[in-house]
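Notes to accompany the following structure.
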Amino acid sequence: MGFLLLSFAIVKRNTLIVLLGPTGVGKTDLSIWLSKTYNCPIISSDSRQIFSELKIGVAAPSAEQLLQVPHYFIGTKHITEPYSAGQYELDVLDLLDKLFSKNSMQLLVGGSMLYIDAVCNGLDNIPPVKPEVREKVHKLYEEFGLEAVRQKLKELDPAHYEKVDLQNKQRVIHALEVCLTVGKPYSKLLSKQKKKRPFDIIKIGLNLPRPELYERINKRVDIMMDEGLLEEVTGLYPYKNLNSLNTVGYKEIFDYLDKKTDLETAVALIKQNSRRYAKRQLTWFNADAEIRWFAPNEQDEIISTINRQLAQ
RNA sequence: GGGCAGUUACCAGAGUGGCCAAAUGGGGUUGACUGUAACUCAACUGGCGUACGCCUUCGGUGGUUCGAAUCCAUCACUGCCCA
């Protein structure tokens, strides 16, 4: 009997716990506790905390927190390095492959919806857009407007033209960029199929009543200012046009530094844009029926839910 | 105490007899989103209804008028100025 149980434990499937939730809900604190509980490192799923130059404004884990448990994908890229959800998917899968050989339980933590999705469901294999193509398409957009980009897309990929939100310049431009990069219609690369992963996934969502969440977000912005966000952003001013700095907390202060607004307004906008971001995250997460939701202080419930799931 | 200005939806703020459930902006809600995603984009925002629509609103009350957020009277409150 004991032998049976033991062998059962050994063949237990690898499991990835995904801790997610809107910005400011308290993922970081809980993740450290979970990491210690299950004795596994933290794999961050945050498209901004991955940049080493962004700290205060993206509420990256503190130096102290980083010392407590190993973190991956925190401050491992420079803001000048291009990075994407697609690359992230590959990087995480590689890492998980290694980590699972040591511990059948791993922990992914973050709020970047597409990044989490890339790990859990996979993205189709689309090569990175060539820089010269990107430049070309952006020129087209700058000079002739969105309609010109739309028409070009209609010509190269009529199927996708029918599906995209034609108002959404980012999506329209990207679709055309991909068409031009790979030399065939973007839509041909999209399978709409979820990839099978060689591990189980347990999704734990953290949320709070809206007013409370917003309150936390507002307060956190004030704390960021106290911690020196203005200085951090000022130091990054030369890089303000980089995509990595098209980020809440940075772009608003760039506007202040450009004298487009006063500091008070900039801070208010950071709060507002953070709230909106949180809302968008929740919209995305709400569509995912696999997520089990908890308040950030329901640690016992979270543990028992995970353990129950593992026992199955 | 006297004079002037004002009171409009969650907030700010247009509207000064019918085309007004009421511009616009903010805030908020809901949603879309397969690689630059903390991005980018959309809808809604007095109530009920899928909709044609119906109902309740523009400080209070009372008038004028076929018809009032808009005109008159009065009361209340707010701001500024003079005392």
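Residue numbering restarts at 1 for every chain, and letters A, B, ... go by the order of the sequence lines.
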- rU40(B) C1' sits how many Å from Leu146(A) CG, rounded? 11 Å
- Message: Could you tell me how far rA12(B) sits from rU45(B) if I compare only their C1' atoms? Round to whole Å.
- Response: 16 Å
- What does rC71(B) pair with, Watson-Crick or G-U, if both distances are under 3.5 Å? rG63(B)
- Please report, rounded to the nearest Å, how far the P atom of rU34(B) is from the NE2 atom of His160(A). 9 Å
- Atom C1', compared across rA23(B) and rA14(B): separation rounded to whole Å: 6 Å
- Query: Are Leu242(A) and Thr80(A) close enough that some pair of their side-chain heavy atoms sits under 4.5 Å apart?
  - Reply: yes
- Could you tell me whether the side chains of Arg220(A) and Thr23(A) share a donor-acceptor contact shorter than 3.5 Å? yes
- Message: Rounding to an integer number of angstrom, what distance separates rC81(B) and rA73(B) when you compare their C1' atoms?
- Response: 26 Å
- Touch class at under 4.0 angstrom, heavy-atom based, for Gln193(A) against every strand present: base
- Check against ring pair (Phe, Tyr, Trp, His ring centres under 6.0 Å), Tyr83(A) and Phe51(A): CA-CA 10 Å; Tyr83(A) 198 64; Phe51(A) 295 111; 7.4 Å; no
- Task: Rounded off to whole Å, could you give me the CD-to-C1' distance for the Glu177(A) and rU34(B) pair?
- Result: 14 Å
- Item | Contact residues, residues 231-265 of chain A to RNA chain B [heavy atom, < 4.0 Å] | Asn243(A), Asn246(A), Thr247(A), Val248(A), Lys251(A)
- With a 4.0 Å cut-off, would you call Glu162(A) and Lys154(A) a salt bridge? no
- Round to the nearest Å and state the distance from Asn273(A) atom CG to rG26(B) atom C1'. 13 Å
- Query: Less than 3.5 Å between a donor and an acceptor, one on the side chain of His138(A) and one on the base of rU36(B), is that the case here?
  - Reply: yes
- Task: Give, ordered by number, those residues of residues 209-229 of chain A having at least one heavy-atom distance below 4.0 Å to an atom of RNA chain B; if nothing qualifies, reply none.
- Result: Arg210(A), Tyr214(A)
- Task: Would you please say whether a donor-acceptor pair under 3.5 Å links the side chains of Thr283(A) and Asn286(A)?
- Result: no
- Message: Less than 4.0 angstrom between a side-chain N/O of Arg280(A) and OP1 or OP2 of rG31(B), yes or no?
- Response: no
- Message: Within the 4.0 Å heavy-atom criterion, would you say Thr283(A) contacts the bases, only the backbone, or no part of the nucleic acid?
- Response: base
- Query: Using a cut-off of 4.0 Å on non-hydrogen atoms, how would the nucleic acid contact of Val58(A) be classed: base, sugar-phosphate, or nothing?
  - Reply: base
- Query: So, are Asp157(A) and Lys184(A) salt-bridged, with charged N and O less than 4.0 Å apart?
  - Reply: no
- Polar contact flag, side-chain donor to acceptor under 3.5 angstrom, Tyr250(A)-Ser244(A): no
- Rounded distance in Å between the P positions of rU16(B) and rU61(B): 24 Å
- Message: Using a heavy-atom cut-off of 4.0 Å across all strands, would you classify Gly57(A) as base, sugar-phosphate, or nothing?
- Response: base
- Base-pairing mate for rC4(B) - Watson-Crick or G-U, with both contacts under 3.5 Å: rG79(B)
- Query: Does Lys279(A) place a side-chain N or O at less than 4.0 Å from the phosphate oxygens OP1/OP2 of rG28(B)?
  - Reply: no
- Task: Considering just the side-chain nitrogens and oxygens of His174(A), establish if one lies under 4.0 Å of OP1 or OP2 belonging to rU36(B).
- Result: yes
- Message: Looking only at side-chain N and O atoms, does Asn14(A) offer a donor or acceptor that is under 3.5 Å from a partner on Gln106(A)?
- Response: no
- Could you give the CG-to-C1' distance, from Leu176(A) to rU34(B), as a whole number of Å? 17 Å
- rG59(B) to rU78(B) separation - C1' atoms, rounded to the nearest Å: 11 Å
- Query: Taking the same atom, C1', in rU56(B) and in rG2(B), what whole-Å distance lies between them?
  - Reply: 41 Å
- Query: So what's rA51(B) paired with, Watson-Crick or G-U wobble, going by both distances under 3.5 Å?
  - Reply: none
- Message: Please give the distance between the P atoms of rU24(B) and rA5(B) as a whole number of Å.
- Response: 30 Å
- Task: Scan every strand shown for a Watson-Crick or G-U wobble partner of rA12(B), both distances under 3.5 Å, and answer none if you come up empty.
- Result: rU24(B)
- Task: Determine the Euclidean distance between corresponding C1' atoms of rU65(B) and rG17(B); express it in Å to zero decimal places.
- Result: 9 Å
- Among side-chain atoms of Thr305(A) and Arg292(A), is any donor-acceptor pair under 3.5 angstrom? no
- Message: Do Glu147(A) and Gln151(A) pair up side chain to side chain, a donor and an acceptor below 3.5 Å, judged on atom types alone?
- Response: yes
- If each of Tyr83(A) and Arg275(A) is mapped to the nucleotide of RNA chain B with the nearest heavy atom, which maps nearer the 5' terminus, i.e. the 5' end? Arg275(A)
- On a heavy-atom basis, the closest approach of Asp46(A) and Ser112(A) is CA-OG, 3.4 Å
- Establish, from distance only, whether the side-chain atoms of Asp255(A) and Thr261(A) form a donor-acceptor pair under 3.5 Å. no
- Query: Could a donor-acceptor pair under 3.5 angstrom be found where the side chain of Arg171(A) meets the base of rC39(B)?
  - Reply: yes
- If pairing means Watson-Crick or G-U wobble with both distances under 3.5 Å, then the partner of rG31(B) is rC41(B)
- State whether a side-chain donor-acceptor pair under 3.5 Å links Gln281(A) with Tyr277(A). yes
- Query: Taking only side-chain nitrogens and oxygens of Arg134(A), does any of them come within less than 4.0 Å of OP1 or OP2 of rU36(B)?
  - Reply: yes
Can you check nucleotides 43-45 of chain B for protein contacts, nitrogen or oxygen pairs under 3.5 Å, and list what you find?
none

- Task: Quickly work out the Gln170(A) CD to rC41(B) P distance and round it to whole Å.
- Result: 8 Å
- Examine distances only and state if a side-chain atom of Glu298(A) and a backbone atom of Ala295(A) form a donor-acceptor pair shorter than 3.5 Å. yes
- Residue whose closest nucleotide on RNA chain B lies nearer the 5' end, Lys169(A) versus Pro127(A): Pro127(A)
- Query: What is the distance, rounded to the nearest whole Å, between atom CZ of Arg276(A) and atom P of rC33(B)?
  - Reply: 21 Å
- Note on the structure: Closest non-hydrogen contact found for Ile79(A) with Glu53(A) is N-OE1, 3.1 Å
- Message: How many whole angstroms separate atom OH of Tyr141(A) from atom C1' of rU40(B)?
- Response: 10 Å
